[in-house]
Amino acid sequence: MNSRRRFLTLSALGSLTSLGSLKALAQPKPVKGPVILSTWNPGIRANARAYEVLQNGGSVLDCVEKGVNVIENDPNNRTVGIGGFPDVEGNVTLDACIMDQHQHCGSVAFLQHIKNPVSVARKVMENTKHVMLVGEGALNFALEQGFKKEMLLTEKTLAAWKKRKAELDTKLPEINVENHDTIGMVARDTDGNLSGSCTTSGAGMKLHGRVGDSPIIGAGLYVDNDVGAAAATGWGEAVIENAGSAMVVELMRHGRSPQEACEEIVNRIANKFEDWKSIQVGFIALNKAGQTGAFAIQKGFTYALHKNGENVGHPSDSLLKT
Ligand code: SD4
């Protein structure tokens with residue numbers, strides 16, 4: 001090789017190397033170890049259990065199921081599982097879904113009398129060739145699978161429902177206040193595999209038969225093991241209309257950070273939903289590298305993050321600041 005050609009080859013190699021290292025610098029440094037992210041303050045308790053499941057050798061799918069079971073089993077939580085707020089006719093009807101690292105998912109909607117809908121959703125995923133069961137069919141399936149029929153309406157929620165029902169004649173439901181605390185959880189194990197879950201009693205005082213975003217794959221939850229995972233909370237109709245969680249994951253696929261992806265989809269919903277200032281919608285997102293993000297329309301959304309061995313609740317940033 002003559003010396004000029006040799007010089008050109010070497011400098012080309014040199015610039016390739018520096019471009020390569022620049023690119024490497026721009027990549028997020030992967031977080032080591034498991035990362036568990038969930039919605040709202042009860043997420044802290046759910047994360048703690050989820051982490052314990054992983055530490056005891058459970059899979060990331062076990063972790064997102066058992067983690068949110070803690071909140072489903074808590075009668076004092078008004079928006080999930082037993083003690084969940086009833087619909088306008090006084091029935092507690094639950095929605096939930098779960099999704100694993102192999103793109104498999106299961107879901108139940110409008111399910112009554114079973115306090116762990118997310119576990120029924122997992123059985124739908126694992127023991128049927130379907131993704132989603134609803135209403136009586138979902139209940140019969142749950143009973144066949146060994147779940148126990150229970151009274152989900154507690155004395156406390158019944159009293160609160162009666163009071164709310166009386167007020168409804170004079171006052172419309174306050175969306176932002178009444179529909180909080182659905183738990184969505186997304187997690188990554190030490191090997192980088194992702195799973196997610198979402199469970200709720202849905203919007204308080206909803207019409208009987210109404211199904212929200214939480215059991216809809218792509219709306220309340222989405223997981224793509226090549227990219228990341230996202231979950232939603234808030235006014236489900238706005239989330240469904242915009243395929244919320246699937247869009248957050250899709251934006252991450254195209255290079256957005258989890259935070260940027262959550263912000264972009266909240267902005268999109270605000271641009272498209274006429275009455276956006278009177279609803280709450282929040283997203284959490286996690287990518288393959290273990291980076292996380294959260295964003296909401298209204299102030300007050302919180303999330304719980306278990307990372308680097310610490311489990312901490314955080315306030316989320318929001319579009320409306322007051
Ligand atoms: C729903 N998205 O049924 C649920 C409610 C919720 O926090 O997230 N509450 O529309």
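Residue numbers count from 1 along this sequence. No experiment lies behind these values; they were computed from the predicted model shown. Ligands are counted one by one from 1 in listed order, and the atoms in each one are counted from 1 as well.
Within ligand 1, counting atoms from 1 as listed, the ones closer than 4.0 Å to a heavy atom of A203 are 1 (C), 3 (O). In summary, the atoms of ligand 1 found under 4.0 Å from a heavy atom of T182, numbered by their order in the structure, are 4 (C), 5 (C), 6 (C), 7 (O), 8 (O), 9 (N). Atoms of ligand 1 found under 4.0 Å from any heavy atom of G202, numbered from 1 in the order shown, are 3 (O). Listed by atom number, the atoms of ligand 1 under 4.0 Å from S214 heavy atoms are 2 (N), 4 (C). Within ligand 1, the atoms closer than 4.0 Å to a non-hydrogen atom of D213 are 1 (C), 2 (N), 4 (C), 10 (O), numbered from 1 in the order shown.
Geometrically, R78 does not engage W161 in a cation-pi contact defined by less than 6.0 Å to the ring centre and at most 45° from the axis.
The minimum heavy-atom distance between N287 and P258, with the atom names listed, is ND2-CD, 3.5 Å.
With rounding to the nearest 0.5 Å, the separation of CG in L133 from OG in S107 is 8.0 Å. Taking CZ of F295 as the start and CG of D317 as the end, the distance is 5.0 Å to the nearest 0.5 Å.
Residue-ligand proximity: K206 is placed with every non-hydrogen atom at 4.0 Å or more from ligand 1.
For atom 4 (C) of ligand 1, the nearest non-hydrogen atom from the set G234, S201, A109 comes from G234.
Below 3.5 Å of separation, one finds an N or O of G236 facing an N or O of ligand 1. Considering backbone and side-chain N/O of D95, none are found under 3.5 Å from N/O of ligand 1. Between R210 and ligand 1, at least one N/O pair is under 3.5 Å apart.
By the 30° and 60° cut-offs, the orientation of the rings of Y51 relative to H306 is parallel. Using bins of under 30°, 30° to 60° and over 60° for the plane-to-plane angle, the ring pair H314/Y303 lands in the parallel bin.
Here Q280 has no heavy atoms under 4.0 Å from ligand 1, in either its backbone or its side chain.
Of the charged side-chain nitrogens involved, at least one lies within less than 4.0 Å of a carboxylate oxygen, so that R253 and D224 count as a salt-bridged pair.
When hydrophobic clusters are built by joining Ile, Leu, Val, Met, Phe, Trp and Tyr residues whose side-chain heavy atoms come closer than 4.5 Å, directly or via intermediates, L194 is grouped together with V31.
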